[in-house]
Amino acid sequence: MAAAIFGGMWDLLLTDANLATMRGGRYGAIERGAVGIAGGRIAYAGPAGELPDAPGRLAREVESLDGRWVTPGLIDCHTHLVYGGNRAREFEQRLQGATYEDIARAGGGIVSTVRATRDASETRLAQDAAARLRRLMDDGVTTVEIKSGYGLDTPTEIKMLRVARLLGELTGVDVRTTFLGAHALPPEYAGRADAYIDLVCGEMLPAVAAAQLADAVDVFCERIAFSPEQTARVFDRAAALGLPVKLHADQLSDSGGAALAARFHALSAEHLEFTSEEGVRAMAGAGTVAVLLPGAFYFLRETRLPPIDALRAAGVPIAVATDCNPGSSPLTSMLLALNMACTLFRLTPEEALAGATAHAAQALGLGASHGTLEVGKAADLVAWDIESPAELAYAMGANPRHATWKRGVRAP
Ligand code: DI6
Ligand code: FE
């Protein structure tokens, strides 16, 4: 455990800390621990008593954390952070009785955000999304996934992905981008879903891949969006371009999405409220991570729970994310997502925190470099004013963050 990287002095040594290392998806708690950082990576994470030398001789700078807890930086592995406008009016309509699906079928929903996103300048999109990203960073997020999918034409999809990349440069947060061109059918393709999938596969995906704007490819596989056959066409094209896939699966109905994701060795399948036991088994066999999105479940007042016990029994890694988007989850707090995962889905606080760290990293294909406090991984850390790690999922609306280090550098 106390393996360490040597070779010159460390840049920083954090002492008098309790560590939730999250190794193997467990707290992996180390009380009276220390973290050494060199070149933006973790050089030591273990008991202070096993440090190989006196702190002052190990690092140029030593900082006591006065008994605070340190966790890996939080990872929000499923967001639609870049979009134009908002959908407060639709929220009012739903409170007057319309359903999410009714609104989508009547040309509102995702398509109304598409209009606003097409009309917005890159600067405006970046400003609005940066404000949301700052709220995520406020409660400890250091890595975020951002999907396109509100452009539904080549230039606007590219505009969204460029904005997502820019957000990473502006904030220092690691941004992983996902191309979600097959999110909804744009109005100009009404009744011609297969022709739209031709456009996604023949024009959008190659353009996005050539510009290196996407780290993964996602599809909304649902009766109000795209069929399993259409999804498979997009995934075949992604595979040909060497891009990993993820899937919005079984959110509103069971369309066999989880099994389809597994068949394509997807990094993750997400939502999963209607996933069958068979789908869970397929995910376990393929190593596909289950990403649970309790914010959308809450905001749409869903009642059907994802198959948590089956996921646990099959050993499928479970991640938790905000799904931050204007229609089904206008949520910009990972800590609140953790609370909802426990309260609504009955995850334990330990499972929820693993879902925002180790397992979220895996859902993004970053398992080797992010998500746990282990030697060699990115020094993305958060120190919290808490007495036990369960407090992170327990408190609602509290923000006990004391400090964040991104790649070893203290972040604002
Ligand atoms: N499922 C969701 O919950 C979001 N997208 C998706 O495929 C909702 C997006 C929206 O309503 O704007
Ligand atoms: Fe989503």
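Remember, it's a predicted structure, so these values are computed and weren't measured experimentally. Index from 1, following the sequence.
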Approximate separation, where rounding is to 0.5 Å, of [X] [atom1] and [Y] [atom2]:
X	Y	atom1	atom2	value
T143	R176	OG1	CZ	9.0 Å
R304	S253	CZ	OG	10.0 Å
L161	Q212	CG	CD	13.0 Å
D174	L364	CG	CG	10.0 Å

Correct closest heavy-atom pair for P72 and T372 would be CG-CA, 3.7 Å
Quick check: does any side chain N or O of [X] sit under 3.5 Å from a backbone N or O of [Y], one acting as donor and the other as acceptor?
X	Y	answer
E302	Y298	no
D380	G73	no
E145	T79	yes
D250	S255	yes
E90	R87	no
K377	R41	no
N399	D138	yes
K159	R118	yes
E222	L252	yes
H402	A383	no

With a sphere of 6.0 Å drawn around [atom1] of [X], does it hold more than 12 non-hydrogen atoms of other residues, nucleotides or ligands?
X	atom1	value
R32	CZ	no
R401	CZ	yes
R89	CZ	yes
Y189	OH	yes
E188	CD	yes

What residues form a side-chain hydrogen bond (donor to acceptor under 3.5 Å, both in side chains) with T288, not counting sequence neighbours? none
Donor-acceptor side-chain pairing of [X] and [Y] below 3.5 angstrom:
X	Y	value
E101	T99	no
T178	D218	no
H248	H78	yes
S276	E278	no

Do the numbers put R94 on top of the ring of F299, so that NZ or CZ is under 6.0 Å from the six-membered ring centre and no more than 45° off the axis? yes
Are side-chain heavy atoms of [X] and [Y] found at a separation under 4.5 Å?
X	Y	answer
I110	F220	yes
T71	W384	yes
M160	Y150	yes
V173	K406	no
H80	H183	yes
T348	C342	no
V144	I75	no
M22	L353	yes

Which residues share a ring pair (Phe, Tyr, Trp, His ring centres under 6.0 Å) with Y83, sequence neighbours left out: none
Pair [X] + [Y], salt bridge at N-O below 4.0 Å:
X	Y	value
K147	E270	yes
R68	E387	no
D215	K246	no

